[in-house]
J.: 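The structure follows.
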Amino acid sequence: MSHTPPLDPKKPKNVKVSQLCELCHARKALIKRPKNLQKVCKLCFFHVFETEIHNTIVSNKLFVEGEKVAVGASGGKDSTVLAYLLKLLNERHNYGIHIVLLSIDEGIVGYRDDSLATVKRNKEQYNLPLEIVSYRELYDWTMDEIVACAGVRNSCTYCGVFRRQALDRGAAKLGIKHVVTGHNADDMAETVLMNILRGDVARLEKSTAIMTQSSGSPIKRSKPFKYAYQKEIVLYAHYKKLDYFSTECTYAPEAFRGTARELMKNLEAVRPSCIIDIIHSGESLRLLPKKAKRAPPTSHVEVRSDGSISLPRQGFVDGNRCERCGYLSSNKICKACMLLEGLQQNRAKMAIDSDVSVHGAAKLTRTLEKLTF
Amino acid sequence: MTEVQSCKRCRIEKAVVVSRKEPFCSECFCKFVSLKQRKQMMSDQYFQDIFKVMYQDKVKTAEIAEKMNAESRVLVPLSFGSSSLVMLNVLNDVLEEQLEVHRGKTGFSIEILVCYFGAAQEKSLKDRLRALMNTRLLKTKKLYKIHVVDIETFFNSSKHIQVHLEDTSYIVRKINTFSNDTGSQPTVDVLLNRCVNRSAREDLLNVMRTAVIKQFAVQGQYKAILWGHSMTRLADEIMASVVKGRAAQIASALDNESFDVEFDESFKNLHPMRDVLLSEIDAFCHISNLLPYIYEYYPQQTLLIEKNSESGHSPSPKMVRNMTINELARQYFDNIEGNYSNVISTVVRTGAKLDRPLNTVPTASRCGICYTMLYRNGPEWLRHITVTSSYPLVTEEDHHLYSTWINSEHGKSREHYLELASEFKVNGKELATCYGCLLILGEVKDKNISWPESKPDILKDVIEDFVIDDDEE
Amino acid sequence: MVSVKVEFLGGLDVIFGKQRTHKLNVPSNSGEEVTVGTLIDYIVEKMIKNAGDKCVFIENDSVRPGILTLINDTDWELEGEKEYVLEDGDIVSFTSTLHGG
């Protein structure tokens, strides 16, 4: 599959004064910024969008000169725009960083194959080195196999945990200490709402951090698109004719996240600035000092009948290492290893229960789930 | 065919309500709601001292005990929604019980405050107030003091200011205006009509109503304000606060332990219904015949086993774009209640775990609009993440269009706005506002409002106690 | 009758036989002007083969929130949305912004 850029419309004729950009007052406005409802032209849009990302990078001191930076590249719009922009800004403002594309192959047939092809084209288009790390080589499980075993409803949980680790491990393998990801303002606002709706107190304060690093971990992570609207990222990719891959992950998001997403869309229709307003709120969330806790944490992992597992809630203790894999973990055993243990138990069970091959079941679930946006 | 269930508490009566998966008869259900409210009223020493009947003991003399009983005055703002009515209903039960058990003594006294907006609302609320006092509260009528306040008293202030938001820098500035200029007294009605959407209107009205009620409590030296908010309503408020960039204010809004720091630290706020769902309060209204007193709301019947055939005037579904942020939050909770019924309590529990944010502004200050504590500099935050400079003009055509614009109406109206802005810049002073109020100002015509310079003087216009005539019937 | 080009981007092509660009001749309803509203009705009625896919594109009679609609590269919000009167040669693009990044 190759890249077909979007069509070029004819040049506008007879521009009316009322249609002019509210910043330069000299070119036809093409978009209305959700952040402040300003109508701006293409050139002013490029200017403000790029400058805002640059300002975010500088004011948060995201980069150090000479640093090697891995862009978590999925082939999707966010990471594609991120890779393009970082290269552009690095050259324009002399950050002096070395950018590498880092991709994770989760092993989702039909979804990841195509997106990886996109990343491979990006590698050529932007002339950036590319490294691919697979779930198979890291965990001995592909995502298709995991879904077949644990059910499609939990796919986001597994993928979230595994992908996070995979990026860190991939970066470590390349000797890179900084991973940047394309998480945008919409993602972040959704996470803030989700954490409150789910009462996820442990994540509440950290959810809007632009840079995170576990103490003792060599890898830091940052999100230069923290304040960038999804809509503007898509528009930027569109106008710049960037080559990105877009299909819904074959495994649709969990139902509860879906309800939060729906709420966000409705809120945006009423007040488009709400996305940064929610981030502003997220930055001021602070917990009351903890009262003394009882009940020792359990290390027991419960595998429920539907294949989901319970993760024991424990306080965050940074800097420990997982007893099994040696990866940094706040708990005795890291989340990935706990999930893997759950999977192993279930795989054994499945082998006895039925004779359906793992791959076949995955395919079946995928067919059933297809086209859920 | 429906199976007849019996109440799981008394195991005798027929169940009429199913709440939290449990069938209740009407008596046990009302008791269940009532106990939840009473538990909050006894949540700490301060409130126990208010609500309990005090007697002489080792530490206090009989006089001191009497004085404590007499000084335990609480203010109950009554909106005639389902929650405040149920709360008052339970409070009245407590009073009646105390009268009986303590031979004519009560531990506290209730003063009702009704704050109205506009003549039509004034009449409806006063009618309901009369009806309520002459029926439900007839026995205890003499124990209540009632106050009716016009929301326009919000502008009872010595000085008024013009407040203006500059749209490129997000800086808010004020200019003094004097209220003695005849005819220039700002009104709530005029102000609300300047709002470009319902969210801004609702938020401003809410700021004004809250200020009137709290300032009334300060000036009337009450021990506490009892708010009728249900758990559902608190969940709405928490979510809406997050969405409006006001999360910093959640901790104060839910705080029932400290004195109200934003209003002179003279009273405490209590939300006695914080453990009760709105659907439960609404079921209570149906069971105990509170419907005739309710203003502009029809209580849900979701928990009733047998629904009334006449479902009232269920409001027609609104277009999303016309809804307020609070309404969207409420709609979300209504829609998911079936599948994730514990979300509402999770949100309220999470909100209660929040602390006030760390202060990043150099001096302790308050928002000039809503009086809440300021923790961060909103305009500065917005300037950091928003670029409003333009890309240079490039082509001949760009220059041509620019000069056309400059000479057009559009160019001139922008010039007018900039002149207004520069007048504020020269003659005005910066007014610190919270992030949420910046958003409100952005949704008002010309980004410009009149506002009292200081908190309103509610008692200045002698507010006479509202006297309820005896019902002739 | 107006002849326009329509693009389905950001993964939306899935419900249009995986074809991104379509050249269309949109007929007018009883001689009225052909608006973007007419075009949307035409797309829903004539081009979405699988009825179950309609909700991917449309919600409450308009383009679903989360789909970005551009008329000649201009956000349709600035062109009067469904009221915009189409001219020959116009390009209308629909881009889904919903999927992961």
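Naming: A, B, ... by sequence-line order, numbering from 1 per chain.
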J.: Between C/Asp90, C/Asn72, C/Leu78, C/Ile91, which has the largest tally of heavy atom pairs under 4.5 Å with chain A?
T.: C/Leu78
J.: If only atom types and distance count, is the side chain of A/Tyr239 paired as donor or acceptor with the main-chain N or O of C/Asp73 below 3.5 Å?
T.: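 At least one qualifying donor-acceptor pair exists.
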J.: Which answer fits A/His183, side chain, backbone, both or neither, if we ask what part of it has an atom under 4.5 Å from a heavy atom of chain C?
T.: neither
J.: Against chain C, work out which of A/Asn184, A/Asp8, A/Leu235, A/Asp186 has the most heavy-atom pairs shorter than 4.5 Å and name it.
T.: A/Leu235
J.: What option among A/His238, A/Lys39, A/Lys28 has the most heavy-atom pairs under 4.5 Å with chain C?
T.: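 Option with the greatest count: A/His238.
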J.: Determine whether A/Lys223 and A/Asp187 satisfy the following criterion, salt bridge (Lys or Arg N to Asp or Glu O under 4.0 Å), listing intermediate values before the conclusion.
T.: CA-CA 11 Å; A/Lys223 300 169 181 166; A/Asp187 298 333; over 6 Å; no
J.: Looking at C/Leu70, C/Thr21, C/Ile71, which one has more heavy-atom pairs under 4.5 Å with chain A than the rest?
T.: C/Leu70
J.: Relative to chain C, which segment of A/Lys265 carries a heavy atom at a distance below 4.5 Å: side chain, backbone, both, or neither?
T.: side chain
J.: Quick check on C/Asp61: does its CG atom have over 12 non-hydrogen neighbours (other residues, nucleotides or ligands) under 6.0 Å away?
T.: no
J.: Counting only heavy atoms not in C/Lys46, do more than 12 fall under 6.0 Å of its NZ?
T.: no
J.: Let me know if A/Gln19 has heavy atoms under 4.5 Å from chain C in its side chain, its backbone, both or neither.
T.: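 Just its side chain gets close to chain C.
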J.: Does A/Tyr126 offer a backbone N or O that forms a donor-acceptor pair with the side chain of A/Lys87 under 3.5 Å?
T.: yes
J.: Quick check: are there more than 12 heavy atoms from other residues, nucleotides or ligands sitting under 6.0 Å from CD of C/Glu77?
T.: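 Yes, CD of C/Glu77 has more than 12 neighbouring heavy atoms, counting only those of other groups under 6.0 Å.
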J.: So what's closer than 4.5 Å to chain C heavy atoms on A/Ala269: side chain, backbone, both or neither?
T.: neither
